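Everything below concerns the one structure shown next.
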Protein chains: 2
Amino acid sequence: MLPAQPNQSLIDGLEVLLGAVDAAEPVGVRELARRLGLETTRTQRLLGTLAHLGLLHRTDNGRYGPGTGLHVLAAAATAANGLLAKALPELDRLQRATKMTVALGSLWRDRVVYLAVFAKDRDPLTAVGASRSYPIQRSSIGVLLLGWQEPGYAAAHGIAPALETQGASARRRGWSLIDQPTEQTRSLAVPIGDPPRLAIGLSGSFSDARIADLRDQATAVAARLASQDIP
Amino acid sequence: MLPAQPNQSLIDGLEVLLGAVDAAEPVGVRELARRLGLETTRTQRLLGTLAHLGLLHRTDNGRYGPGTGLHVLAAAATAANGLLAKALPELDRLQRATKMTVALGSLWRDRVVYLAVFAKDRDPLTAVGASRSYPIQRSSIGVLLLGWQEPGYAAAHGIAPALETQGASARRRGWSLIDQPTEQTRSLAVPIGDPPRLAIGLSGSFSDARIADLRDQATAVAARLASQDIP
DNA sequence: CAGCACTGTGGCTTTTATAGCAACAGGCGG
DNA sequence: CCGCCTGTTGCTATAAAAGCCACAGTGCTG
């Protein structure tokens with residue numbers, strides 16, 4: 001729901017911000033402008049402004065990567081709604097109970113971003129911020145959340161219509177399942193809240209007989225998180 | 001270091017974003033405009049744009065609070081530089097070794113923002129995002145990091161000159177100490193990186209004789225984090 | 001119930017901030 | 001040294017943004 005007069009500079013500035021943050025390495029002005037299809041000078045000014053604000057960090061060789069101000073912003077957000085403080089212990093328990101890899105993720109464009117990932121044999125304190133984003137088509141979380149996006153979302157972000165259909169199907173069912181035959185793993189996801197902007201995913205090797213139990217356990221966690229007014 | 005032509009809309013939009021996130025409750029347009037000294041319609045358009053992007057969440061009664069997109073942005077940033085995945089286990093160990101409350105914090109305006117706080121008898125998984133920001137003058141982290149701000153920072157943010165002096169002194173010493181006599185606790189902080197944008201703080205009851213040991217332990221952790229190229 | 005004081009939002013016009021083009025300086029490799 | 005890339009800036013035209021006003025809605029009080 002855009003306001004009648006949106007602020008296009010803000011929109012573009014935040015697009016530049018995410019483009020720089022999402023890059024695997026600190027990125028140069030011209031390279032980022034090419035990737036985003038923006039004019040170079042404009043990109044440079046937006047990057048410079050963001051760096052001045054501390055949201056990006058300018059390296060000695062003139063490239064831009066995430067800055068401390070982003071963490072500050074995130075900390076303020078997380079403190080305001082208590083999302084992680086509530087979710088992390090729950091997800092850790094779910095991982096221990098199911099022995100699956102447990103993830104909390106959200107959809108951004110055509111990718112899934114992981115807020116936290118709990119895995120067997122991995123320190124739970126490394127769950128936050130250790131996983132890079134992932135193409136949507138390989139993610140039960142992504143496919144599921146796609147089901148709630150407004151019409152045109154898929155087309156606008158280069159997502160195949162077949163995935164959109166899968167998303168709609170998952171929405172009707174209320175959960176999603178993705179098989180990865182080459183890796184002999186599968187993953188299922190359940191939504192948090194309504195409309196859901198976050199989802200819990202479980203992945204590993206599990207039989208068809210176990211699906212309902214895993215789904216129900218994850219759904220119970222999702223319900224507890226949703227009932228705490230998490231956006 | 002501002003670019004020659006900074007983008008003022010981006011600056012103001014991000015100011016509005018932080019103003020909304022920093023509020024204790026979802027905040028209305030006019031109230032936020034009053035707090036920030038901005039014109040109402042402008043504020044409303046910026047808020048609406050941010051809500052459309054998912055960075056803010058618009059409640060049913062027309063107020064704005066943090067949205068899921070902020071967490072997505074934070075997750076991308078954290079994944080890009082691995083800050084939390086590296087810092088959290090280290091800080092947890094430091095808390096167990098010292099029996100102090102251990103915090104990772106940064107400076108924003110005249111306040112300290114806590115990225116993580118580890119305390120005795122508290123689940124480490126609740127360390128992230130469970131603490132609200134704090135006035136700078138009561139925080140060893142804040143005073144310490146103030147020492148590295150550019151001239152005019154204190155004046156621009158309504159921080160007393162005495163605190164600025166304290167900050168400069170802490171910078172020269174390389175760490176800071178704050179006593180809270182009414183609570184019979186004290187806290188000390190050491191910087192991470194150079195110039196530091198983050199700091200580790202230890203707080204609790206400890207004697208003068210123990211200061212050097214605590215400081216050295218925290219300094220060792222800070223050095224390990226700084227050596228991993230964290231901004 | 002009516003009035004009042006607040007609220008969020010949009011339309012229209014003016015203003016000014018922004019965008020784009022061209023230029024410059026620097027770095028790197030052949 | 002030259003060519004090709006880089007990040008950055010100045011200047012001017014333009015279009016995006018800002019501000020004012022109005023409207024509809026909500027909640028509280030008498």
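The chains referred to below are lettered A, B, ... by the order of the sequence lines, with proteins before strands, and numbering in each begins at 1. As a basis for the values below, the full set of heavy atoms in this structure was taken, side chains included, without hydrogen atoms, waters or symmetry mates. These numbers were taken from a predicted model, which means no experiment stands behind them.
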Charged tip of A/Arg111 within 45° of A/Trp108 ring normal and under 6.0 Å: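 So A/Arg111 doesn't make the cation-pi contact.
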
Expressed in angstrom and rounded to an integer, what is the separation of [X] atom [atom1] from [N] atom [atom2]?
X	N	atom1	atom2	answer
B/Asp60	C/dG8	CG	C1'	14 Å
A/Gln5	C/dA17	CD	C1'	13 Å
A/Gln44	C/dT18	CD	P	14 Å
A/Arg63	C/dC28	CZ	P	12 Å
B/Gln8	C/dT18	CD	P	6 Å

When you check the phosphate oxygens OP1 and OP2 of C/dA19, does a side-chain N or O of B/Asn7 lie under 4.0 Å from one of them?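 Affirmative; the distance criterion is met.
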
Tell me if the CD atom of A/Glu150 is crowded by more than 12 foreign heavy atoms within 6.0 Å.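 12 or below, so no.
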
Neighbour count >12 (heavy atoms, 6.0 Å) for atom CD, A/Glu25: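 Open.
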
Earlier contact from the 5' end, DNA chain D, for A/Leu10 and A/Tyr64: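 Nearest-nucleotide comparison on DNA chain D picks A/Tyr64.
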
So what does A/Arg58 touch, heavy atoms closer than 4.0 Å: a base, only the sugar-phosphate, or nothing?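 Result for A/Arg58 = sugar-phosphate.
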
What verdict does the side chain to side chain contact (heavy atoms under 4.5 Å, CB included) test give for A/Tyr153 and A/Leu107, after you've listed the backbone C-alpha separation in whole Å, the side-chain angles of each residue and the deciding distance to 0.1 Å? CA-CA 11 Å; A/Tyr153 182 95; A/Leu107 188 55; 3.7 Å; yes

Does a side-chain N-to-carboxylate-O contact under 4.0 Å join B/Glu90 and B/Lys86?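 Here B/Glu90 does not pair with B/Lys86 in a salt bridge, since their nearest N and O are not under 4.0 Å apart.
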
I would like to know whether A/Thr68 and B/Arg197 meet side-chain hydrogen bond (donor to acceptor under 3.5 Å, both in side chains); could you show each step before the answer? CA-CA 7 Å; A/Thr68 311; B/Arg197 298 193 193 85; 4.5 Å; no

For DNA chain C, which residues in residues 26-43 of chain A have a heavy atom at a distance below 4.0 Å?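 Heavy-atom cutoff 4.0 Å gives A/Glu39, A/Thr41, A/Arg42.
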
May I have the step-by-step check of side-chain hydrogen bond (donor to acceptor under 3.5 Å, both in side chains) for A/Thr59 and A/Asn61, ending in yes or no? CA-CA 5 Å; A/Thr59 65; A/Asn61 59 0; 2.4 Å; yes

From the 5' end of DNA chain D to its 3' end, which nucleotides mark the outer limits of contact with chain A, defined by a 4.0 Å heavy-atom distance cut-off (strictly under)?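 With heavy atoms of chain A under 4.0 Å away, the range is D/dT6 to D/dA18.
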
Salt bridge (Lys or Arg N to Asp or Glu O under 4.0 Å) evaluation trace for A/Arg42 with A/Glu39: CA-CA 6 Å; A/Arg42 184 156 180 248; A/Glu39 197 269 330; over 6 Å; no

Donor-acceptor contact below 3.5 Å, side chain B/Ser176 vs main chain B/Ser140: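 Such a contact is found between B/Ser176 side chain and B/Ser140 backbone.
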
Find which nucleotide of DNA chain C each of A/Asp12 and A/Pro3 is nearest to by heavy atoms, and output the residue with the more 5' nucleotide.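 That would be A/Pro3.
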
Let's test your reading of the model: under 3.5 Å, does the base of C/dG10 pair with the side chain of B/Arg45 as donor and acceptor?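 Answer is no: no donor-acceptor pair is held.
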
